[in-house]
Protein chains: 2
Amino acid sequence: MSPRRSFQRAGEEARRAALISATLDLIAEGGPAAATVRAIAARADVTPGLIRHYFATKEDLVAAAHESLMTGLTEAATARLDELTDNPRARLRDFIVASVSPPVTEPRAMALWAASMQLVPRDAAMRRVHEATYLAFRDRLAGLIADALHAAGRSTDTATLRAHAIAGNALLDGLWIEAAAIPDHFSEIDLPELALSAFSRLLNLPLED
Amino acid sequence: MSPRRSFQRAGEEARRAALISATLDLIAEGGPAAATVRAIAARADVTPGLIRHYFATKEDLVAAAHESLMTGLTEAATARLDELTDNPRARLRDFIVASVSPPVTEPRAMALWAASMQLVPRDAAMRRVHEATYLAFRDRLAGLIADALHAAGRSTDTATLRAHAIAGNALLDGLWIEAAAIPDHFSEIDLPELALSAFSRLLNLPLED
DNA sequence: CCAACAATTATACGTTTGTATAATTAAGGA
DNA sequence: TCCTTAATTATACAAACGTATAATTGTTGG
């Protein structure tokens, strides 16, 4: 007499979110190999069969998890912007600082990001998600740069603006990646200050406090 | 009557190298999941049982492969420096261009790098190797920057130089990573020119042709 | 209060995985 | 030349994987 386990119904949205969260947790802790359908189900406190009910294949679930991760990182850098002053230069400065500060620079985020990047070259769905989220972040940065330069009375043709956004994005990416990879080594370095200083020279626009 | 497959004996060193090479090829092509013992053996043109004869466990083989990868990358970067001209500014320029050009920007390199980075937060040995190779690369860049600035008659205190090297390294990392991740999107962009332009502003030192 | 439906669990299947062990064969020294 | 030894192949096995499908159960509208 094995009693069938009781359960509660949850909305589709909540269940998908729970499965995605469980997937990210497992990948962060033990890499992609640890994110098996059975482990994911256990972490989300459901049975493995339910995964197939919401995601046709495990690949779909992983892709959805990647999208959730990337948009989450972008939002982490963007979140404080809305509550900020309307001073364009301060907004850009805050965006830069947030991009090289926790939670973005936490090792967990880096491990997840690396796991995703590893799939990008050969998984079309992952590549599409990555490109979309990359461009979303870059466009956001481009807008902030344009506003800051304009407020300083500088003209900005689109080609130059795009180059600034690409380089600035690359700078922020490289900084948070290394800071997350070897936190001990960067603990004694004021990363926000370094980022602001480099950005100031990149745009020829003072950003430091 | 199935004839047993013929074979030739090889030295331990050669066999281990062949197995490591096969492992890296497979990880680059299909990720860590593709590097099964059977696939590795097939690629190295031996039977799966032989792997266990040289590596007690598959984990040992993967660790050896990562170490080989890291040291190989550093040596490649070091070797490249020696063939450059002795004009300090040209050396820095060539180094920057090489860092955002093939074979560095090939998706294969990015996939292997991402596979390694994914292990860094969880594996102390991997973290040590990564930190050492990162610092080796950064120190090289710092030396090139110092020489170029000095040749231009600029003074450079060590703190500023280190900041320049960190920011420059981050810029190059971010650029080659994205170029390798979404090559289609960057195909129409002159990445070396963009990198040189950004570096020039970062150092306030003209580097473009 | 009941019936219909969707959400969830349960079970099963075929593959593939890493590893263990026994059988064979190439290579070198006596 | 033969005989020993280590390198290599061959076979086997239990565990874990993703997926498919059937059986149940919570929920909601009438």
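Proteins get letters first, then strands, A, B, ... in listed order; numbering begins at 1 in each.
- One can place NZ of A/K58 at 15 Å from P of D/dA20, the figure rounded to the nearest angstrom.
- Side-chain contact, A/R201 with A/S197: a donor N or O sits under 3.5 Å from an acceptor N or O.
- Shown for residues 5-13 of chain A: residues whose heavy atoms fall under 4.0 angstrom of DNA chain D, namely A/F7, A/R9.
- Taking each heavy atom of A/A179 and A/L191 in turn, the nearest pair found is CB-CD2, 3.4 Å.
- Two residues are said to be in side-chain contact when any heavy atoms from C-beta on lie closer than 4.5 Å; A/L61 and A/V37 fail this criterion.
- Between A/V104 and A/W113, every side-chain heavy-atom pair lies at or beyond the 4.5 Å cut-off.
- Taking each heavy atom of A/L202 and B/A198 in turn, the nearest pair found is CD1-O, 3.5 Å.
- The 12-atom threshold is exceeded at CD of B/E208, counting heavy atoms of other residues, nucleotides or ligands nearer than 6.0 Å.
- To the nearest angstrom, P of D/dA23 lies 11 Å from CZ of A/R4.
- Inter-residue side-chain proximity for B/H66 and B/H130 is flagged as unmet; no heavy-atom pair is nearer than 4.5 Å.
- Listed by residue number, the members of residues 17-55 of chain B with any heavy atom below 4.0 angstrom from DNA chain C are B/T36, B/V37, B/R38, B/R52.
- At least one side-chain heavy atom of A/L205 sits under 4.5 Å from a side-chain heavy atom of A/L149.
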